[in-house]
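The structure appears below as structure tokens.
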Number of protein chains: 2
Amino acid sequence: MALEHALLVALSEKPGSGLELTRRFERSFGYFWHATHQQIYRVLGRLVDAGELDVEVVAQTGRPDKKVYRVNEAGQRALADWLATSTPLEPLRSEVAVKMRGASFGDRAAVLAGLREHLDDHRVRLEHYQRLAAAYGLDPGSDLPGAARHLEGATLDQYLVLRGGIRLEEFWIGWITDYLDAHSTNPEPDPGSTR
Amino acid sequence: MALEHALLVALSEKPGSGLELTRRFERSFGYFWHATHQQIYRVLGRLVDAGELDVEVVAQTGRPDKKVYRVNEAGQRALADWLATSTPLEPLRSEVAVKMRGASFGDRAAVLAGLREHLDDHRVRLEHYQRLAAAYGLDPGSDLPGAARHLEGATLDQYLVLRGGIRLEEFWIGWITDYLDAHSTNPEPDPGSTR
DNA sequence: TCACGCATGTAACAGGTTACATGATTGT
DNA sequence: ACAATCATGTAACCTGTTACATGCGTGA
């Protein structure tokens with residue numbers, strides 16, 4: 001439903017090959033839209049069939065040829081149309097939440113241990129994003145508006161989405177910390193036989 | 001991959017029929033795991049085949065019969081096993097983020113209007129969750145720990161997950177507000193022909 | 001009689017995941 | 001010779017979504 005559009009946005013920012021796009025989806029794009037290379041190749045093919053992308057085969061020295069994809073006018077129109085449609089509230093699906101809610105029907109200590117790992121992962125990600133944000137040349141701690149006055153257009157949007165990624169990590173850290181705190185100040189007897 | 005487990009948790013809390021579960025997934029469960037009735041019926045059937053649920057047909061007066069599902073011992077074991085496995089970082093997929101990032105390749109004003117609607121929806125949800133949280137009998141503004149001392153076990157978990165739902169709505173509201181602010185204090189000339 | 005709510009499903013499809021496959025070049 | 005990286009894909013499968021289908025009972 002929407003990898004199509006994510007690819008159109010990515011290729012509008014800068015044309016590229018399948019593998020280059022895969023790399024981008026592992027980095028900057030990846031923190032708000034995940035996709036594997038298999039999926040990307042498949043959808044690129046579909047978009048070419050639909051006439052929304054042009055392909056150019058580029059020969060390289062010392063490497064296999066690559067196909068560089070570029071959004072054409074039909075693609076620009078399709079993207080603009082989609083951008084103007086309304087987005088339904090995204091239904092949530094969090095495995096972590098299911099585990100939190102179900103913890104008393106299993107070994108709570110194991111669930112808590114898993115959450116602590118998760119917490120570390122999110123802290124690592126947060127730091128990574130904060131480094132990325134710092135590269136935009138403004139104080140990462142400062143709040144908008146004001147701080148981002150010197151950015152504009154697509155660059156400003158990239159920065160604002162990255163801020164969203166940072167906020168999201170902060171959300172996870174806050175939530176998990178809350179949960180862990182509540183269960184360490186409130187330890188239950190007999191973990192594991194609570195059912 | 002995990003509706004199975006969400007159903008096992010829901011049925012561990014309280015046995016119920018397909019339609020009752022559907023209602024629960026529209027309410028309390030729905031804010032962290034979404035599922036439609038078609039999916040629920042299909043998976044319930046699968047869980048019965050796998051021997052993890054028992055079914056009891058209950059006759060009702062003035063209504064069609066219903067099938068009440070209950071987690072049996074095999075189901076309890078399956079759930080406990082799953083709870084002890086580690087959860088991979090959930091890959092993110094946000095259509096809204098794609099639109100934010102792609103706004104300069106279409107009609108930015110339309111994207112901003114869509115975001116304002118979204119913002120309202122999230123505010124409504126937040127209020128709804130806050131009302132739910134208030135029903136747990138403690139000050140919704142107060143922070144853990146301490147406030148939730150009087151809750152325990154499955155009820156405490158339910159409350160903590162609900163707090164996560166509240167935090168998540170606050171995240172959305174913060175992010176979208178950020179984006180809107182940045183683009184209203186920083187309006188661009190020629191919205192629509194920016195490409 | 002008609003609409004609505006309860007209650008349970010089937011079927012077709014779209015999208016995403018996992019595993020496998022191929023071939024070239026560069027470096028050890 | 002072997003592993004690693006670049007580069008592009010296919011196939012099978014699982015999950016989730018959308019549309020459709022059925023039958024009973026209640027109240028207007």
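All chains are named by letter (A, B, ...) in the order of the sequence lines, taking the proteins before the strands, and each is independently numbered beginning at 1. This one's a predicted model, so the numbers in the text were calculated from it and none came from an experiment. Side-chain atoms are counted along with the backbone in the values below, which use heavy atoms only and exclude waters and symmetry mates.
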Expressed in angstrom and rounded to an integer, what is the separation of [X] atom [atom1] from [N] atom [atom2]?
{"X": "B/Leu3", "N": "D/dG16", "atom1": "CG", "atom2": "C1'", "answer": "10 Å"}
{"X": "B/Glu4", "N": "D/dC14", "atom1": "CD", "atom2": "P", "answer": "11 Å"}
{"X": "A/Leu44", "N": "C/dG15", "atom1": "CG", "atom2": "P", "answer": "15 Å"}
{"X": "A/Gln60", "N": "D/dT5", "atom1": "CD", "atom2": "C1'", "answer": "13 Å"}
{"X": "B/Ile40", "N": "C/dT10", "atom1": "CD1", "atom2": "C1'", "answer": "16 Å"}
{"X": "B/Glu20", "N": "C/dG5", "atom1": "CD", "atom2": "C1'", "answer": "15 Å"}
{"X": "B/Glu95", "N": "C/dG15", "atom1": "CD", "atom2": "C1'", "answer": "13 Å"}
{"X": "A/Trp33", "N": "C/dT17", "atom1": "CH2", "atom2": "P", "answer": "10 Å"}

TODO: For residues B/Phe25 and B/Trp33, report the shortest heavy-atom separation together with the two atoms involved.
DONE: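 Looking at all heavy atoms of both residues, the shortest contact is CD2-O, 3.3 Å.
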Among [options], which is the nearest nucleotide to the side chain of [X]?
{"X": "B/Leu19", "options": "C/dG9, C/dC6, D/dG9", "answer": "C/dC6"}
{"X": "A/Gln39", "options": "C/dT17, D/dG16, C/dT8", "answer": "C/dT17"}
{"X": "B/Arg46", "options": "D/dT15, D/dT17, C/dT17", "answer": "D/dT15"}
{"X": "A/Tyr69", "options": "D/dG9, D/dC6, D/dA7", "answer": "D/dG9"}

Using a strict 4.0 Å threshold on nitrogen-to-oxygen distance, state whether [X] and [Y] make a salt bridge.
{"X": "A/Glu56", "Y": "A/Lys67", "result": "no"}
{"X": "A/Arg77", "Y": "A/Glu52", "result": "no"}
{"X": "A/Glu20", "Y": "A/Lys66", "result": "yes"}

- [ ] Indicate whether OP1 or OP2 belonging to C/dG9 is found under 4.0 Å from a side-chain N or O atom of B/Tyr41.
- [x]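 Indeed not, no polar side-chain atom of B/Tyr41 lies that close.
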- [ ] Determine: side-chain N/O of B/Arg23 to OP1/OP2 of C/dA7, distance under 4.0 Å, yes or no.
- [x]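 For C/dA7, neither OP1 nor OP2 has a side-chain N or O of B/Arg23 closer than 4.0 Å.
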Task: Heavy-atom side-chain proximity of A/Arg125 to B/Leu89 below 4.5 angstrom - done: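 Counting from C-beta outward, A/Arg125 and B/Leu89 do come under 4.5 Å.
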TODO: Answer yes if the ring centres of A/Phe171 and A/Trp175 are under 6.0 angstrom apart, and no otherwise.
DONE: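 Yes: the rings meet the under 6.0 Å criterion.
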Could you pull out the protein-nucleic contacts involving nucleotides 19-28 of chain D (nitrogen or oxygen on both sides, under 3.5 Å)?
from: D/dA19; atom 1: N6; to: B/Gln38; atom 2: NE2; distance (Å): 3.0

TODO: Report yes or no: is there a donor-acceptor pair, N or O only, under 3.5 Å between the side chain of A/Arg42 and the base of C/dG16?
DONE: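 When only heavy-atom distances are counted, A/Arg42 does reach the base of C/dG16 through a donor-acceptor pair under 3.5 Å.
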Open item on the list: Is it the case that over 12 heavy atoms from other parts of the model lie below 6.0 angstrom from the CZ atom of B/Arg27?
Closed with: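 Incorrect, the count does not exceed 12.
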